[in-house]
Amino acid sequence: QVQLVESGGGLVQAGGSLRLSCAASGRTFSEYAVGWFRQAPGKEREFLAAISTTGRSTSYADSVKGRFTISRDNAKNTVYLQMTNLTPYDTAVYSCAATPFRGASMTITQYNYWGQGTQVTVSS
């Protein structure tokens, strides 16, 4: 029903910042909560941040709290992930996903629609 496309990944030096975008299709975008996840080589997919349908509520993993900020612009059908103070440990494929639940869910199994992912590489 909804298609997601991530963009904004790339190569950044340690300590730098990067903003990822998740562009969604469909008029019902505002009815989906959206989360950001990442997966590094050899590791399981990891929850990063989520935002409710209205944008009022957000959830963050402890590993990124204070460094990453999730936001959304429903008029533009876009969710953002602003990442700061990046380290090489943040290197991974970053994906956004949508869930019909309204809250900022941290549960990966609740997400039904996924983007293709965008590579983020942090160098020292």
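This chain uses plain numbering: 1 for the first residue, then up along the sequence.
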*Asks:* Find out if a path of hydrophobic residues (ILVMFWY) with successive side-chain heavy-atom gaps under 4.5 Å connects Leu20 to Phe47.
*Replies:*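 No: no chain of side-chain contacts under 4.5 Å links Leu20 to Phe47.
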*Asks:* Can you tell me how the ring of Tyr111 sits relative to the ring of Phe37, calling it parallel under 30°, perpendicular over 60° and tilted otherwise?
*Replies:*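 Taking Phe37 first and then Tyr111, their aromatic rings stand perpendicular (interplane angle over 60°).
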*Asks:* Would you check if the side chain of Glu31 reaches a backbone N or O of Pro100 as a donor-acceptor pair within less than 3.5 Å?
*Replies:*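 Not confirmed, Glu31 side chain does not pair with Pro100 backbone.
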*Asks:* Just by distance, do the side chain of Thr91 and the backbone of Val122 share a donor-acceptor pair under 3.5 Å?
*Replies:*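 A pair under 3.5 Å: yes.
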*Asks:* Is Thr99 reaching over with its side chain to a backbone N or O of Gln110, donor-acceptor style, under 3.5 angstrom?
*Replies:*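 At least one qualifying donor-acceptor pair exists.
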*Asks:* Whether the side chain of Glu6 engages the backbone of Gly117 through a donor-acceptor N/O pair (distance < 3.5 Å, no angle test) should be reported.
*Replies:*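 Checked: pair present.
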*Asks:* How close do Ala14 and Ser124 get, heavy atom to heavy atom, and via which atoms?
*Replies:*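 Taking every non-hydrogen atom into account, CB-CA, 4.3 Å.
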*Asks:* Measuring from atom CD1 of Ile51 to atom SG of Cys96, what distance do you get when rounded to the nearest 0.5 angstrom?
*Replies:*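 Separation between the atoms: 12.5 Å.
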*Asks:* Does Arg72 make a cation-pi contact with Tyr32, if we ask for NZ or CZ under 6.0 Å from the ring centre and within 45° of the axis?
*Replies:*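 The answer is no; the distance or angle limit is not met.
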*Asks:* Quick one: pull up OG in Ser17 and CG in Asn85 and give me the separation to the nearest 0.5 Å.
*Replies:*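 The OG atom of Ser17 sits 8.0 Å away from the CG atom of Asn85.
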*Asks:* Taking all non-hydrogen atoms of both residues into account, name the closest pair between Val120 and Met83 and its distance.
*Replies:*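 In this case the closest contact between Val120 and Met83 is CG2-CE, 4.0 Å.
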*Asks:* Do you know the tightest heavy-atom contact between Ala98 and Val2?
*Replies:*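 So the minimum-distance heavy-atom pair works out to CB-CG1, 4.3 Å.
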*Asks:* Out of curiosity, Thr118 OG1 to Gln116 CD, how far, rounded to the nearest 0.5 Å?
*Replies:*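 Between Thr118 OG1 and Gln116 CD, I get 7.0 Å after rounding to 0.5 Å.
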*Asks:* Between Thr87 (side chain) and Tyr89 (backbone), is there a donor-acceptor pair under 3.5 Å?
*Replies:*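 Flag set: sc Thr87 to bb Tyr89 pair under 3.5 Å.
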*Asks:* Quick one: closest heavy-atom pair of Ser59 and Ala104, and the distance?
*Replies:*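 Result for this residue pair: OG-O, 2.8 Å.
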*Asks:* Tell me the closest heavy-atom pair linking Ser21 and Thr78, and the distance in Å.
*Replies:*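 Answer, listing the atom of Ser21 first, then Thr78: CB-CG2, 4.2 Å.
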*Asks:* If hydrophobic clusters are built from ILVMFWY residues whose side chains come within less than 4.5 Å, do Tyr94 and Val64 share one?
*Replies:*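 Yes, same cluster.
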*Asks:* Judged by atom type as modelled, is there a donor-acceptor pair below 3.5 Å linking the side chain of Asn77 to the main-chain atoms of Gly26?
*Replies:*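 Looks like yes, one N/O pair under 3.5 Å.
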*Asks:* Check whether Val12 and Phe68 end up in the same hydrophobic cluster, where Ile, Leu, Val, Met, Phe, Trp and Tyr are linked by side-chain heavy atoms less than 4.5 Å apart.
*Replies:*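 Shared cluster, yes.
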*Asks:* Out of curiosity, Asp73 CG to Ser30 OG, how far, rounded to the nearest 0.5 Å?
*Replies:*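 That separation rounds to 11.5 Å.
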*Asks:* Measuring from atom OG of Ser63 to atom CG of Asp90, what distance do you get when rounded to the nearest 0.5 angstrom?
*Replies:*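 Rounded to the nearest 0.5 Å, the OG-CG separation comes to 8.0 Å.
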*Asks:* Is the backbone N or O of Ala33 less than 3.5 Å from a side-chain atom of Thr53, with the two atoms forming a donor-acceptor pair by type?
*Replies:*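 Flag not set: sc Thr53 to bb Ala33 has no pair under 3.5 Å.
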*Asks:* Which atom pair, heavy atoms only, marks the closest approach of Cys22 to Trp36?
*Replies:*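 Smallest interatomic distance, heavy atoms only, reads CB-CZ2, 3.5 Å.
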*Asks:* Return yes when atom CD of Gln3 has more than 12 non-hydrogen atoms of other residues, nucleotides or ligands closer than 6.0 Å, and no otherwise.
*Replies:*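 No, CD of Gln3 has 12 or fewer neighbouring heavy atoms, counting only those of other groups under 6.0 Å.
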*Asks:* Got a second to check how far Met106's CE is from Leu48's CG, nearest 0.5 Å?
*Replies:*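 That separation rounds to 10.0 Å.
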